[in-house]
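Here is the structure we will look at, set down as C-alpha cells.
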Amino acid sequence: MNTDTQHDAQYAWKHKDLLDVSQLDKDDVQHLLDLAVSFQEINNRSVKKVPTLKGKTVILFFAENSTRTKTSFDVAAKRLSADTFSLSKSGSSINKGETLKDTGLTLQAMHPDVIVIRHSSSGAAEYLSKLLPCSIVNGGDGWHAHPTQALLDSYALRTVWGPDFTGKTLLILGDIEHSRVARSNLYLLNLLGAKVRLCSPRTLLPRQCGQWDCEVYTDINEALKGVDAVMCLRLQLERQEAGLLPDLSEYSRRYCLTKERLALANPGAYVLHPGPMNRGYEIADDVADSKQCLVLDQVSAGVAVRMAVLYLLGTRNDHLPA
Ligand code: ASP
C-alpha cells in the first residue's frame, strides 16, 4: 500500500461521512475510484487481507433487507482488518420501539469508527451523521440515495469505458420513482461526463424529473436507440402504492429488457443491474446471462469501492495526536 498511502497523503479528503455522491466533486470521485483499483488488486491475491484498518470498528446497521451491500461492506472491512459487528432490524430493539436516535447513541457509546446504515426512511443517514461524531456511510436510505452503488457502477463502467465517460449515453430503465440507485447514478454519471436517459411507465417517473439533467422516455424502443449501456432497475414493489401499474405481466411485456430490444442499442452495449434481479420482469434470462451483462463485475467492484470508502473515512483522523 505504499504508493496508495503516498497518493492518499497528497489528497485532501474532506468528508466525515458519505451520505450521497452529490457531496463529492470530480476529484473526490476519481481519487476514490483510483484507490478502489489498488484495493481490487488485494482482492485478486491469494491472501486477501491488509492491516490498514487494524483496531478500527465498523458497525453494519441494516434496518432494511440486503444481500449484496451488507455482505460487501462486511467483506471490505474484514479485508482491511477492521472488526465488524452487524445489527439488523429483526434482531434489534428497533422492533421493541427504540428510536433511531437512541439506537444511534447506543451504538456510538461503543466507540465505532464507522457506522454503515441502511434504512427505509430517506434522510436516516444524514440524521445520524449530525447526531454522532463517528463516520456514517449511507448504505441506502428510502428512495433518496445509494452512494456506494453509484460508485461501484461507475467503477464497473470505467473498466470498460475508461475514466472519462464523455460521449457515452446510458439508459436507466424501470422503476425510477422509487429508486435511490437511479437518483445517485444520475448525478455521478453526469459528473463523469455521460449523458443519461430515463425510461419507465409514466406512473413510475418522478414528477420533478423534467428538471433533472437527463432525457426522459416512456417508449423503450425509442429510449434504447443509440445508447452505450442500459441499467435495469427492479420494480420496488415494497415502496409502491397500489394502482401504479396495471399488472406485472403488462409491465414486463412493455419494459423487460430482452435480447431483441437490446439490439436497438449501440453494438456491444453493456447491461447493468444493481440486484436483486427479477428475471423475466425487468430483465430477460438471455440478457442477464450474456457477456454484455456486468452484474457480477458490479458485485466485485462493490468490495473494492467499499474498501476505498472505509479506508478514507476510517483513517481520516489518524494524523491527529492520540
Ligand atoms: N439493491 C438496490 C437497493 O438497495 C436495488 C434494489 O433493491 O432494487 O436500492
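As the structure lists them, so they are numbered: ligands from 1, and atoms in each ligand from 1. Bear in mind that the values here come from a model prediction, so they are computed numbers and not experimental data. Both backbone and side-chain heavy atoms feed into the values below; hydrogens, waters and symmetry mates do not. Numbering starts at 1 and runs along the sequence shown.
- The side-chain tip of Arg306 points at the ring of Phe73 from less than 6.0 angstrom away and within 45° of straight on.
- Using a non-hydrogen distance threshold of 4.0 Å, Gly275 registers as a contact of ligand 1.
- Note: no N/O pair closer than 3.5 Å links Pro276 and ligand 1 by distance alone.
- Remark: of the listed residues Thr67, Val299, Val303, Val305, Val303 is the sole one forming a side-chain contact (heavy atoms from CB on, under 4.5 Å) with Ser72.
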Full working for side chain to side chain donor-acceptor pair (under 3.5 Å) between Thr84 and Lys78: CA-CA 7 Å; Thr84 65; Lys78 289 193 166 97; 2.9 Å; yes
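- In terms of protein heavy-atom proximity, atom 9 (O) of ligand 1 is nearest to Arg180 NE, 2.9 Å.
- Atom OH of Tyr127 is surrounded by more than 12 heavy atoms from other residues, nucleotides or ligands within 6.0 Å.
- Asp28 and Tyr11 form a side-chain donor-acceptor contact under 3.5 Å, judged by distance and modelled atom types alone.
- Near His146, meaning under 4.0 Å from any of its heavy atoms, are these atoms of ligand 1: 3 (C), 4 (O), 9 (O).
- Checked against a 3.5 angstrom limit, the closest N/O atoms of Gln149 and ligand 1 fall outside it.
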Verdict with supporting geometry, Gln40 and Asn43, side chain to side chain donor-acceptor pair (under 3.5 Å): CA-CA 5 Å; Gln40 190 65 301; Asn43 293 331; 2.9 Å; yes
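- The contact set between ligand 1 and Arg234, taken as ligand atoms under 4.0 Å from a residue heavy atom, comprises 6 (C), 7 (O), 8 (O).
- Distances below 4.0 Å separate heavy atoms of Val181 from the following atoms of ligand 1: 2 (C), 5 (C), 9 (O).
- Side chains of Arg118 and His146: a donor on one and an acceptor on the other come within 3.5 Å.
- Close contacts between ligand 1 and Arg118 involve ligand atoms 4 (O) [criterion: under 4.0 Å to a heavy atom].
- Counting heavy atoms under 4.0 Å from ligand 1, residue Gln236 touches it through the side chain alone.
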